[in-house]
Structure formats: structure tokens, C-alpha cells
Amino acid sequence: MRVLVCLCGTVFVFACGVFGRVDEPVEGGVRLPSVVTPAMLIDLCAAEFGLAIEYPGEGIGQRGRGITLRSERAYTKRELWDYTHTVLEQAGWTTVVSGGDAPTYRVVALGEAFDRAAPIERVPDPAPGYMVERYGIAGLDAEVLESGLASMRPALGQTVVLEPGGAVLAVGAVARRHARIRSYIDQQRAAAALVETEFVRTSHRDGAGIVASLSAHFGRSGVAPPGGSLAPGPRDDILVVTAPRGQLMAWRGLIERFDVPAGAVVRVYPVAGHDAEMLRALIQETVPMGTPRGSGDRWKVVGSPMTGSLVVTASPDEHEAIERLVARIVATPPGRLRGTRLYEVKNRKAAELRATVSRLMGLDEPLKNGGRSDGDAAIGGSGSGAVRSGGDDPVSLTVDDELNSIIASGSSATLDRIGRLIEELDIRKPQVLLEVLLVSLSEGESRDLGVEIQARLGTSGVLTGLGSLFGLSSVDPSSTSPEVGGNGGSAVILDPGDFSVVLRALETVSDGRSVSTARTLVNNNETASLSNTVSEPYAEVVFDDGDSITGFGGTESAGTTISVSPQIASGGFLVLDYNISLSAFLGESTPGLPPASQSTSISSIATIPDGHSIVVGGLELVSQSGSTSKTPLLGDVPILGQLFRSDSASASRTRFYLFIRASVMRSPGFESLRYMSDLRAEELGVGRDDPEVDPVILR
């Protein structure tokens, strides 16, 4: 007999005896119809096993989708139970049981089965489709077990939960999967029983200290240690663990819990007179022994050269080692820790750098010619004296010009200070490319106008000659040809034997332009000089025994001289300190005296943008002159006076302009300088005929 009760959409099936005929009764089994539903199969199972099965009325109830079954054989009760759960699992359902002596079977969704099922202490008959079983995993690695169980496929709603305490693993899965789960856990338990030895490296504490701390912990707490043993290793930072494989993880966890940094303490160590930076490096390398031990991340050593002390943050054990090390070094007086070092100067002159270092360190003046004074152990240099300092910490500095090096003798702290100064000061100076353009413009104009008159008169044998002459020509009344020489326009009126008149007019206009260009490379804050001069020799007259002897008296120079000192300023500007001198000869020299010359100079300081051309100087010279030669009285007569005079006038104007372009060579590898040099060489054709070298592979 079967009783169906429906409450709030849930169907309860209560079966007593054998459920009625499904098709034709078959002895020893149940023959299923050709079309079955999940609800029909649940009803059959409830009738055959005499169970109370609860299932939802919606989705899986009487209106559930039918399944076509082509089978002529009869199913036993167990086969019917297994087939029913196969159909349910395909639809996403399964059965679970509640606890108690008379368990109730419920049909639930697979995704909710773990939460709806109670852990089974004793498996009922028949076993539900989904069960939650508790497996003891003491001594096993729970993470390895969870990962291995999660890899089983298909999942079929499998859930694994590690219970508090880490010794029990609750696993929910379909009933037939638990045999595989139990076998897997047994395999892991058998593997964990194998004894292994593992070396564990500590990070902060010694191995012996961790062993002692763990022994005290187990003694106070009464908790039994994991299986196996723990002992210090061959080194301070090594522990040896000998235990079953399943216990190794437990030992690692205990070691990690007790391997923590010790408390850090800050202490100050006075090391006056010694090199604090050197001691800092020495402590950094020796005390931690190359590993982050003791105080761990809080470990810190700071050297203060100004105060002559060390500030150390370390554990008490580390401080003991530091105290012993510092005490041995400080016990030696600084004056006894003397040494000699050679510092190679790479970018500057060693003599200049030595002078700078001596000023910064407050040392005495250099000794002349490498000499010595009482109590001074200076080392003589090649052409450079030694800088010395007396007191408890004597220092000497010597320059070796051939090696361009500085040799220093003194205490270790002082030598390190000198080394740091040299390193900071010995830097490559920036260079400035100077392009100087000198432009000279000249204009000139002169005008000459004159008349010459000659006359020859003769009466009664008396000859009379009259003339107004200015050297314009050689034509006179005795000439028979009107031809005249010289420049300009000329006119001649000639009456041979009586008179001659010569008119000369000349105007000269000149215009000239001269451009001089020079390029030079100069270091920052250095001076570049450019000169273009002409040397003029002059004679000297010497009297010897009343005789005058003319000989070489020397030379005088005149021309253009330019000096420029660039200073690189911030913001892409340069400060130029320049001086320009222009000179020229005014005429020929006279014996015993140099030629007369005129000189003009300009000097100033200006700020210009980097890479720009500007006019930094301009000079303009203007001269005018005029002269008149005339016959007295007659030359002053208006209009007619022009026949008795010669006039000349001249005017000149000369202008000088100086253009300077300054470009900073900023590339550290002088790439810009190479580019500009190659560009100029290409313009001038330099290197075109140089032989080309082809590489040859040598085997």
C-alpha cells in the first residue's frame, strides 16, 4: 500500500509492503515501464524498501519530464535504487538522510546537498545518494589532501571542509565517490608514515635557540610535539628535521612561528678620529654574516662623519659583537693608523685640485720644492711641493705631475675624507664652443681740383717768367707737346714759348668690407684668446766713432686681439667676460723710431643665450681732412682766384663689429663636438683622400 501526502508543495511517500503492479509482476525483481519519471522511480524505491522519502512537488513531482527506457529485463531492488540516483544526478538532484534511528530520506539539489546532509556516523541501508563523512587526517598535510580531492572528476557537488583543529576533514560527495576518497586518504597516510630528513634554514635566529625555545614551549603547554625530532644543523642558521613525511609541514610551521626577529635596540658608538663610514661598512659586512639575522628588517647602521659616531639599530646579541669590534678599533690612536694613498686625477690638473683640497681642509701652505720641516713626513713630488698639517693628525699632500695624481699620507679617516673630496671635485668641466666673427666696413672719398699757369715774356733781350705752380704737371711754355700724365681729368692750353695753362680735377671714392672668422673650444671658466696681428720692423741708427750705422731696431705689432672667458649659468645662459683690442699703423717708420700706431680696446661682461649670436662690440672711426695751396692775394680773389689755387678734400669712415656665438657642449661623450668637427671637415674636404681600411678576419 502507498500513501501520498502533499504539504506546501512537498510530497511525502509512505510505503507499506509491496507497491502495486507496475507492469506485470516479475518474481525476484521489478520490471519498469517504457516511460518513467523521477517521481515514479522514487515512489517505486519507497515501496520496495519500505522507506519514507520526501521530495519537492515542483520540478520532480508527478509533473516531472518522462524518461524513455528500452529494457526487457527486471531490476532488483539495489539496481532500482542505483538507477533512480543516476536519473536524479543527471537532473541535478540527489538524496540525503537526516540523523536518528529512523532516518528520513530527502531529495535535494546537488548544490545544496552538503548543507542539507548531516555527517553520517553509521551508513544506513540503503545508502543515500549523497553523504558527508568525516575523515581523520592527523599527521597529514591538509592542503595536499584538499588539492588532491578537488582534482577528482566529475565533481558531482563535492565539498571539502577542514574542521577546526586541523585533524578532521569533512567531505561531502555522492555515495559511490567515498570509496575513492577513502582510498586516496589511506594512500596519503601510508606515504606520510615514511620517515624523511629535511634541512630548514632560519632567517632571524640561530638553530640552537629555536630548539631551546620549542622545548620550553612543549614543556610549559603540555602539548605533544609532532612526530620525529628537531636538532641544530651544521651551521647556526640550519635546523635538521627528522620525521614522517606527514609531520614535516607541522615542524616547518613551528619553526616559522619561533623564527622571528629579536627586539631591536638603538645605540650610539662614538668613534671620533676614525672614519665612521669605513666602520659602518665593516660592521655591515661582518656582524650580520651576510644574512638578514638578529634584528631582521630593523637592522640599520648609520655613520656620521661630522659628529664622529655610529648610530646602530640591532638586537642585543648583535650589539655585543659590534661593541667588541668597535672597541678593538677605537683602542688604537688615530695618529698611529697612518697610511699612504694615491688618487688619480682624471679631469683636472692635479696641482690645482691639490690646492683646492688643501684650502677646504685647512692645511698649511705648500712647502717649496718639496722641502721638509721638522716633524713633517711629506713625500716630495715631481716639481710640486707637499701640503702639510701638524698636530695629532699630520697630513701631507704631494702632486706627481707625470701621473697627474695626488699622493696623500695621513690617518685612515683623513684619507677617506680626502678621497671623497677628490671624487666630488674631479669632475669633467663643460666646454663652450666660441665662434667669433669680426666685420670691418670702410668708406672713403677724396677730391682734388687745381690750376697751374706759366708764362714767359721777353723784350729787348730781357726774359721774364711768371707762374702759379702746384706740382700738377710738367708742362711749361717751352714744351711743344700738350700731353700730361697723372690721374684724373686734365686740360692743357699751350702756346709754345709764351704760356701754358694746366687744369687738373680728380675725385676718388672707395668702399671696402673685411670679414674675419675664428672658432675655438674652451673649458668653462677658462680663457680663450684669438689674435690676428702684423709685425712691422723698424730701423735703428747707431753712431760709432762719428759714423752712423743703420741696423734692425725691432718690430712693432698691430692688429686684432680678442680674449673671451665663458661661464655657464643656469637657465641656458652664458656669462662672457671679453676684451677686444684693435690697433693699426698710421704711417711709415722713421729711422730709430717705431712706426706710429693707433689702438682701440673694448672690454665688458655680458650675458647671452646659449647657441645665439650677438653683437658684443662695435667701433666706428670717422675722419675728414682738407687742404688748399694758392698764390697769395691772387688765390683769394673771388672766382678768378680759382685759377691761382689747388684744393683737395678727403673723408673716410671705418666701422668694426664683433659677433660672438657661444654654444655649450653638453653631451657627456662629446657627440655634438664630433658632429660639428665632422661637419667642418666635410665642408673643407679634409679626410676625403685618406686611405680606407677594410676589416680583415684573422683565423
Side-chain angles (χ1 to χ4, degrees), residues 38 41-42 45-46 48-56 60 77-193 226-227 244-247 249-250:
L41 292 174
I42 294 172
C45 289
E48 291 293 327
F49 285 94
L51 302 175
I53 303 177
E54 172 189 331
Y55 63 88
I60 200 172
K77 292 168 52 176
R78 297 293 178 187
E79 291 175 341
L80 177 63
W81 183 258
D82 293 339
Y83 179 68
T84 298
H85 283 85
T86 300
V87 173
L88 289 174
E89 290 170 2
Q90 291 176 353
W93 301 86
T94 188
T95 60
V96 298
V97 295
S98 59
D101 296 334
T104 299
Y105 290 77
R106 293 184 177 86
V107 178
V108 298
L110 268 174
E112 303 174 358
F114 184 83
D115 298 326
R116 301 286 296 275
I120 294 178
E121 301 294 338
R122 182 173 56 86
V123 180
D125 186 24
Y130 190 95
M131 295 190 301
V132 177
E133 292 195 29
R134 301 170 73 246
Y135 297 93
I137 59 170
L140 300 181
D141 190 338
E143 294 183 1
V144 174
L145 289 175
E146 292 178 1
S147 175
L149 294 175
S151 64
M152 291 184 177
R153 291 291 181 271
L156 294 177
Q158 178 175 291
T159 303
V160 181
V161 176
L162 181 64
E163 295 186 0
V168 176
L169 200 66
V171 182
V174 295
R176 62 179 181 275
R177 175 68 64 81
H178 280 280
R180 292 180 58 192
I181 294 172
R182 189 175 298 105
S183 175
Y184 176 76
I185 294 176
D186 291 341
Q187 292 175 4
Q188 294 296 318
R189 186 175 289 109
R245 182 180 300 174
Q247 302 295 315
M249 180 59 68

Chi angles and distances behind the side chain to side chain contact (heavy atoms under 4.5 Å, CB included) call for Ile120, Val97: CA-CA 9 Å; Ile120 294 178; Val97 295; 4.2 Å; yes
Chi angles and distances behind the side chain to side chain contact (heavy atoms under 4.5 Å, CB included) call for Leu88, Thr94: CA-CA 6 Å; Leu88 289 174; Thr94 188; 5.7 Å; no
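In terms of heavy-atom proximity, Ala175 sits nearest to Pro128 at CB-O, 3.2 Å. Closest non-hydrogen pair, Pro119 versus Arg134, comes out as CB-CD, 4.0 Å.
Partner Pro126 forms a side-chain contact (heavy atoms from CB on, under 4.5 Å) with one of Glu48, Arg78, Lys77 and no other, that one being Arg78.
Put simply, the side chain of Val168 does not reach to within 4.5 Å of the side chain of Tyr135, judged on heavy atoms. At least one side-chain heavy atom of Leu41 sits less than 4.5 Å from a side-chain heavy atom of Tyr83. Residues Tyr184 and Leu149 meet the side-chain proximity criterion, which asks for heavy atoms closer than 4.5 Å. With a 4.5 Å cut-off on side-chain heavy atoms, Phe114 and Val171 do not count as touching. With contacts defined as side-chain heavy-atom distances shorter than 4.5 Å, the pair Val107/Glu54 does not qualify. Between Tyr55 and Pro38, the closest side-chain pair of non-hydrogen atoms is not below 4.5 Å. A heavy-atom distance below 4.5 Å is found between the side chains of Trp93 and Pro56. A 4.5 Å side-chain heavy-atom check between Glu146 and Leu169 finds at least one atom pair inside the cut-off.
Side-chain atoms of Tyr130 and His178 form no donor-acceptor pair, as typed in the model, at a separation below 3.5 Å.
Applying the side-chain hydrogen bond (donor to acceptor under 3.5 Å, both in side chains) criterion to Glu79, with sequence neighbours excluded, gives Arg73. Listed by chain and residue number, His85 satisfy the side-chain hydrogen bond (donor to acceptor under 3.5 Å, both in side chains) test with Thr95 (two or more places apart in sequence, or in another chain). Partners of Asp186 by side-chain hydrogen bond (donor to acceptor under 3.5 Å, both in side chains), not counting sequence neighbours, listed by chain and number: Arg189. Legend: residues meeting side-chain contact (heavy atoms from CB on, under 4.5 Å) with Ala142, ordered by chain and number and at least two apart, are Ile137, Leu162.
Listed for the Thr84 side chain is a donor-acceptor partner under 3.5 Å among the backbone atoms of Leu80. Between the side chain of Ser147 and the main chain of Val144, no donor-acceptor pair closer than 3.5 Å is present.
Every pair tested for side-chain hydrogen bond (donor to acceptor under 3.5 Å, both in side chains) that includes a residue from residues 110-119 fails, sequence neighbours excluded, so the list is empty. Within the structure, every pair that satisfies the salt bridge (Lys or Arg N to Asp or Glu O under 4.0 Å) test and touches residues 166-180, not counting sequence neighbours, is listed here: Glu89-Arg176.
With values rounded to the nearest 0.5 angstrom, Asp125 atom CG is found 9.0 Å from Leu51 atom CG.
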